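Atoms considered below: every heavy atom in the structure, side chains included; atoms not considered: hydrogens, waters and symmetry mates. As the structure is a computational prediction, the values presented were derived from the model and not from experiment.
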Amino acid sequence: MAYLHRAIIDTIPSYKQGKPAPKTPGLTAYKISSNENPYEPLASVKQAIVDKAVGRMNRYPDMRGTAVVERLADQFGVKPENVVLGCGSTEVITQLVNLVAGPGDEVVYPWRSFEAYPIIVANAGATSVKVPNRPDGSHDIDAMIAAINERTRLVIVNNPNNPTSTSLSDADARKLMAAVPKDVLVLFDEAYIQFNTAADTNVAMDLFREYPNIVVAQTFSKAYGLAGLRIGYGIAPADVIDGMRKVAIPFGVTEIAQTAALASMDAYDELDERVKALVAERARVVAALRAQGWEFPEPYANFFWLPIGERTDEAAEHFVKAALSVRVFSGEGIRISIGEREANDRVISVCADLKRLGF
């Protein structure tokens, strides 16, 4: 039965979750399609959840997430009124778009980039201005600047970029900020920043202290391994944070998520070792693929990008047969997360087979 609804809904693409690992007889299946941290939660984090949060599930959480907000404020050297929580950084971005953009407004961002951007912008009733990346998968900052006009309400940069895993240089970030009007906000989406080892990378918090129109979004989902609990955060000027809180989901961040976030910050050194291990695995996989003759952007997140173009779907079938679930962008390329060592070894093997087939 047809029902009445907003016409714009018919234009919004559905977000597609990474496919589960395919089952193949004789092979352990691996899901490396969602950029998840392959390590299970730290024992100390799991214990904190049991001791402090599980028994309180009948109670609403602290809606502001005061303890987490204060801890983050201290960590980043800002005030608590500069920090807001959300159900992952995706909801933080949604808060920001809903705050600043509506019908007739435009949001400028690179493309291809995070698949949620066009969904969030369209749902707000605003218009996406997708600026094609450079051939190497990085942001075309000059083109982004040229796309800004009187209707622009927000500019988004993604560092490292998802899915191309490229880094945004400090020089490019500063060039952008020098060109953006001071009453237009610029969002630095840094969901994978802990994995970014580029020597010239921008660190958004450095610019935050210099410019009045910057918002930084980060998450506990990736490096901290809390993807299933949905907790991220935004750092912004106090008046922006106040507005974001008004459009946030009430009680959206659970007490279990807040407890896990605090415990994870307590265990930062352990988690940092895991990040370093994943970066080392990334380097191993990249070196193996380069030796096979593959050319792709140098990755700076916990995933890498194979720009295969029109043969993407054909290549994807080889990963499925190897019990590997990867993120496929038909006609463009494949994003592959760094996972368990056995999964990574199998990726190397599949890529060797693809090369023998002329990819």
Side-chain angles (χ1 to χ4, degrees), residues 15 17-18 20-21 30-31 34-96 98 116 190-195 216-236 238 241-242 244-275 277-278 302 337 339-340:
Y15 186 87
Q17 184 174 4
Y30 290 100
K31 181 188 176 190
S34 294
N35 300 338
E36 295 158 331
N37 192 316
Y39 299 107
E40 70 174 37
L42 292 171
S44 60
V45 175
K46 291 190 285 188
Q47 193 60 51
I49 291 172
V50 171
D51 291 345
K52 301 177 182 179
V54 169
R56 292 181 47 81
M57 287 191 292
N58 58 313
R59 303 293 184 186
Y60 285 111
D62 176 353
M63 193 169 77
R64 293 287 179 87
T66 304
V68 180
V69 164
E70 290 179 348
R71 182 73 173 271
L72 288 168
D74 182 66
Q75 176 180 316
F76 286 99
V78 297
K79 296 179 180 179
E81 52 263 40
N82 294 121
V83 182
V84 67
L85 301 185
C87 299
S89 56
T90 302
E91 201 245 321
V92 170
I93 297 167
T94 303
Q95 293 171 12
L96 182 61
N98 286 341
E190 294 184 331
Y192 303 93
I193 193 66
Q194 293 88 350
F195 301 100
V216 183
Q218 295 189 9
T219 184
F220 287 95
S221 294
K222 312 302 181 182
Y224 287 91
L226 301 183
L229 290 182
R230 314 308 303 128
I231 177 168
Y233 52 93
I235 301 172
I241 292 295
D242 184 57
M244 291 171 68
R245 285 176 173 158
K246 291 177 181 179
V247 297
I249 300 171
F251 304 106
V253 181
T254 68
E255 184 167 354
I256 290 177
Q258 294 179 40
T259 299
L262 289 169
S264 295
M265 285 188 278
D266 287 339
Y268 177 81
D269 289 343
E270 288 181 84
L271 290 168
D272 187 52
E273 286 301 314
R274 291 183 168 189
V275 168
L278 285 170
N302 64 332
S337 306
E340 296 85 346

**Q** Within the 4.5 Å heavy-atom criterion, are I235 and E190 side-chain neighbours or not?
**A** no
**Q** Distance from Y233 atom OH to Q218 atom CD, nearest 0.5 Å?
**A** 4.0 Å
**Q** Are there over 12 heavy-atom neighbours, none belonging to Y268, within less than 6.0 Å of that residue's OH?
**A** no
**Q** What heavy-atom pair brings A260 and I49 nearest, and what distance separates the two atoms?
**A**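 Closest heavy-atom pair between A260 and I49: CB-CD1, 3.9 Å.
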**Q** Could you give the distance from CD (Q95) to CZ (R245), rounded to the nearest 0.5 Å?
**A** 9.5 Å
**Q** Any heavy-atom pair between the side chains of L278 and P38 that's under 4.5 Å?
**A**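 SC-SC contact between P38 and L278 confirmed.
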**Q** Nearest 0.5 Å please: distance from the OH atom of Y224 over to the CE atom of M265.
**A**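 The CE atom of M265 is 6.5 Å from OH of Y224, to the nearest 0.5 Å.
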**Q** If you look at every heavy atom in A263 and A48, which pair is closest and at what distance?
**A**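 Closest pair (atom of A263, atom of A48, distance): CB-CB, 3.7 Å.
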**Q** Less than 4.5 Å apart, side chain to side chain, heavy atoms only: is that true for S221 and R230?
**A** yes
**Q** List for me each residue that meets ring pair (Phe, Tyr, Trp, His ring centres under 6.0 Å) alongside Y30, sequence neighbours excluded, and say none if there are none.
**A** none
**Q** Any sub-3.5 Å donor-acceptor pair from E91's side-chain atoms to G232's backbone N or O?
**A**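 Between the backbone of G232 and the side chain of E91 there is no qualifying donor-acceptor contact (under 3.5 Å).
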**Q** Could you pull out the closest heavy-atom pair between N37 and G225, with the gap in Å?
**A** CB-CA, 3.9 Å
**Q** Step by step, work out the side chain to side chain contact (heavy atoms under 4.5 Å, CB included) result for Y39 and E270.
**A** CA-CA 12 Å; Y39 299 107; E270 288 181 84; over 6 Å; no
**Q** Heavy atoms, side chains only, cut-off 4.5 Å: are V83 and I241 in contact?
**A**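 No, side chains not in contact.
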**Q** If you compare all heavy atoms of E255 against all heavy atoms of K52, which two are closest, and at what distance to 0.1 Å?
**A** OE2-O, 3.7 Å
**Q** State, yes or no, whether a side-chain contact exists between V92 and T219 at a heavy-atom distance under 4.5 Å.
**A**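 In short, these two side chains do not touch, never coming nearer than 4.5 Å.
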**Q** Heavy atoms only: give me the nearest S89-A217 pair and the separation to one decimal.
**A**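 Of all heavy-atom pairs spanning S89 and A217, the closest is CB-CB, 4.4 Å.
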**Q** In the structure I gave you, are the side-chain heavy atoms of S264 and L226 within less than 4.5 Å of one another anywhere?
**A**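 With C-beta onward as the side chain, the pair touches.
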**Q** State the CD-NZ distance between E340 and K31, to the nearest 0.5 angstrom.
**A**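 It is 11.5 Å, given to the nearest 0.5 Å.
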**Q** Flag the pair V68 / V253 as yes when at least one side-chain heavy-atom distance between them is below 4.5 Å, and no otherwise.
**A**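 When only atoms from C-beta onward are counted, V253 and V68 do not touch, as no gap falls below 4.5 Å.
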**Q** Check this for me: R64, atom CZ, are more than 12 non-hydrogen atoms of other residues, nucleotides or ligands nearer than 6.0 Å?
**A** no
**Q** Is a donor on one side and an acceptor on the other found under 3.5 Å between the side chain of D74 and the backbone of R71?
**A** no
**Q** Between CD of Q194 and CG of L271, what distance do you get to the nearest 0.5 Å?
**A** 9.5 Å
**Q** Which value, rounded to the nearest 0.5 Å, describes the distance between I231 atom CD1 and L229 atom CG?
**A** 8.5 Å
**Q** What I'd like to find out is whether the side chain of L42 reaches to under 4.5 Å of the side chain of R274, using heavy atoms alone.
**A** yes
**Q** Q258 side chain to D62 main-chain N or O, any donor-acceptor pair under 3.5 Å?
**A**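 At least one qualifying donor-acceptor pair exists.
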**Q** Are the charged groups of K46 and E40 less than 4.0 angstrom apart, N to O?
**A**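 Yes, this pair counts.
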**Q** Would you name the heavy atoms of S44 and A267 that are closest together and state the gap between them?
**A**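 Minimum heavy-atom contact is OG-CB, 4.0 Å.
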